[in-house]
Amino acid sequence: MKKRVKMVDVARAANVSRTTVSLVLNGIPGVRIAEATRQRVLQIARELGYSPGPLIENLDPERKRLFGVLINEISAAYPIDLIYGLQNWADAQGLQIVLQVTDSVADREIAALENFARFGVEGVIYANTFTAIVSPPASLGNFRHVLVNCRREDSSGFAILPAERHGGMLATDHLIEIGCRRIATITGDPWQIASIERLAGYHRSLNRAGLNLGPRFERASDWGHASGYAAARDLLALSEPPDGIFCHNDIVARGAMAAARDMGGKVPEDLAIIGYDDREFSRDLGISSVTLPFAEMGERALAELAGSADLADKTVTIQGRLVARMSTRIPL
């Protein structure tokens with residue numbers, strides 16, 4: 001089967017941006033593009049055999065409600081859960097979604113929104129893989145839209161975020177409930193919103209229980225196994241080491257478990273460990289975790305977008321749930 005020619009192929013061959021190609025091929029009025037450039041784009045598009053995607057009129061007349069999804073990447077596990085939630089809800093409601101991956105490149109976002117306008121989408125979900133403050137293109141405002149796992153600096157628009165602070169409290173409360181009294185934490189990158197909020201939840205739970213031992217029981221990682229391993233070894237070398245560690249993701253927790261094992265400790269008898277995200281491998285390794293509710297966030301976003309109520313300036317948070325496994329359960 002012949003590979004379909006895309007706008008990016010035309011842009012590469014014409015040595016112009018994808019935005020320029022989109023503007024030319026979609027015949028967008030009122031833009032300043034040199035006539036020579038416009039003709040070159042059209043000529044190359046013809047030579048390559050470019051043809052636009054389907055218009056809304058060409059879709060199944062029983063399934064004409066179409067919604068666009070802009071996402072920065074799909075290389076990690078989390079957006080897969082988001083897309084799964086979106087697709088499940090769309091299928092249940094008889095809707096269709098079209099997905100565009102932008103790599104957070106402004107030109108690609110603008111071009112994708114132009115495509116959405118041509119397709120006739122009713123609304124757009126603007127999603128980010130990692131919780132972030134974003135500055136979407138102004139043209140997003142031309143659509144009814146919902147921000148998912150991100151928000152604007154001024155909190156304008158309807159945004160849906162994971163309840164990270166609540167998740168940090170869930171994890172820490174669980175360690176307290178099973179009897180841990182020297183509870184440490186290993187965060188992700190300290191500048192990321194997820195780390196900041198999960199750490200705030202950890203502090204809130206410890207303060208409420210009178211168990212906050214201060215910064216000496218806190219370490220940072222880069223969300224990876226090796227840095228989690230190193231941070232855990234450092235904590236376990238303290239004169240009074242922790243009896244519980246809240247790791248800000250399951251990969252860090254996996255590293256912490258390896259460190260405990262290599263230092264002669266037993267999990268959970270000597271050290272209870274809990275992670276975050278509920279990755280598939282954590283089930284295989286018995287790592288307790290807090291779920292990251294991407295599927296639920298996707299379902300809520302599409303439900304709001306497909307509804308008739310006004311989308312006011314509002315930030316909604318979706319709570320994950322605690323999943324207790326071997327790493328925090330002392331065998332009988």
Side-chain angles (χ1 to χ4, degrees), residues 4-12 14 16-33 37-38 41-42 45 50-59 64-75 79 82-83 86-87 89-90 95-130 132-160 297-298 301-307 310-313:
R4 182 170 177 266
V5 177
K6 302 176 182 179
M7 282 192 183
V8 65
D9 301 315
V10 177
R12 189 177 297 117
V16 297
S17 71
R18 286 208 292 187
T19 298
T20 298
V21 172
S22 177
L23 293 172
V24 171
L25 297 183
N26 287 315
I28 304 299
V31 294
R32 294 183 178 179
I33 297 176
T37 299
R38 192 178 75 84
V41 168
L42 292 172
Y50 170 81
S51 61
L55 295 174
I56 193 70
E57 289 80 5
N58 302 129
L59 296 173
K64 276 193 173 182
R65 297 197 71 188
L66 183 67
F67 296 86
V69 180
L70 280 187
I71 190 166
N72 63 322
E73 64 175 359
I74 55 173
S75 59
L82 171 62
I83 294 165
L86 288 169
Q87 192 63 63
W89 201 92
L95 311 178
Q96 290 183 326
I97 58 174
V98 56
L99 177 74
Q100 298 258 298
V101 182
T102 66
D103 293 324
S104 297
V105 177
D107 281 356
R108 294 180 184 178
E109 293 184 343
I110 293 169
L113 290 169
E114 289 161 357
N115 283 336
F116 288 166
R118 179 165 56 83
F119 293 156
V121 302
E122 287 188 36
V124 175
I125 290 173
Y126 184 97
N128 209 69
T129 302
F130 298 103
I133 304 296
V134 295
S135 298
S139 53
L140 182 63
N142 297 332
F143 300 86
R144 179 178 170 88
H145 65 275
V146 174
L147 307 177
V148 176
N149 206 34
C150 57
R151 65 173 178 84
R152 293 182 176 90
E153 182 71 42
D154 62 1
S155 295
S156 62
F158 195 102
I160 299 176
M297 290 162 62
L302 196 50
E304 294 286 350
L305 200 60
D310 290 340
L311 294 174
D313 293 341

- Task: Please indicate whether Asp103 has more than 12 foreign heavy atoms, meaning atoms of other residues, nucleotides or ligands, lying under 6.0 Å from its CG.
- Result: yes
- Task: Please examine the side chains of Phe116 and Leu66, heavy atoms only from C-beta on, and report whether any two atoms are closer than 4.5 Å.
- Result: no
- Looking only at heavy atoms, which two atoms of Arg151 and Glu153 are closest? And how far apart? NH1-O, 3.5 Å
- Query: Heavy-atom distance under 4.5 Å between the side chains of Leu305 and Leu311, does that happen here?
  - Reply: yes
- Residues two or more places apart in sequence or in another chain: which of them pass salt bridge (Lys or Arg N to Asp or Glu O under 4.0 Å) with Arg38? Glu35
- Item | Nearest-0.5 Å distance that lies between atom CG in Leu70 and atom CG in Asn128 | 11.0 Å
- Message: Quick check: closest heavy atoms across Ser104 and Glu109, and the distance to 0.1 Å?
- Response: CA-OE2, 4.1 Å
- Qualifying side chain to side chain donor-acceptor pair (under 3.5 Å) pairs, either residue in residues 141-150, two or more places apart: Thr131-Asn149, His145-Arg152
- Task: Identify the two heavy atoms, one from Cys150 and one from Tyr126, that lie closest to each other, and give their separation to 0.1 Å.
- Result: SG-O, 3.6 Å
- Task: Please round to the nearest 0.5 Å and tell me the distance separating atom CD of Gln96 and atom CZ of Phe119.
- Result: 11.5 Å
- Message: Nearest 0.5 angstrom please: Ile160 CD1 to Met297 CE, how far?
- Response: 7.0 Å
- Would you find a donor on one side and an acceptor on the other, under 3.5 Å apart, between the side chain of Thr129 and the backbone of Glu73? yes
- Minimum side-chain heavy-atom gap Leu113-Phe143 below 4.5 Å: yes
- Item | Leu302 vs Ile97 side-chain heavy atoms within contact, under 4.5 Å | yes
- Message: What I'd like to find out is whether the side chain of Leu82 reaches to under 4.5 Å of the side chain of Ile71, using heavy atoms alone.
- Response: yes
- Could you tell me which non-hydrogen atom of Gly298 sits nearest to which non-hydrogen atom of Leu86, and how far apart they are? O-CD2, 3.3 Å
- Task: Taking all non-hydrogen atoms of both residues into account, name the closest pair between Ser155 and Asp313 and its distance.
- Result: O-CB, 4.2 Å
- Query: Are side-chain heavy atoms of Ile83 and Val69 found at a separation under 4.5 Å?
  - Reply: no
- Could you state the interatomic distance from CG (Asn72) to CZ (Arg108), rounded to the nearest 0.5 Å? 11.5 Å
- Message: Ignoring hydrogens, what is the shortest heavy-atom contact between Ala301 and Ile125? Give both atom names and the distance.
- Response: CB-CD1, 3.9 Å
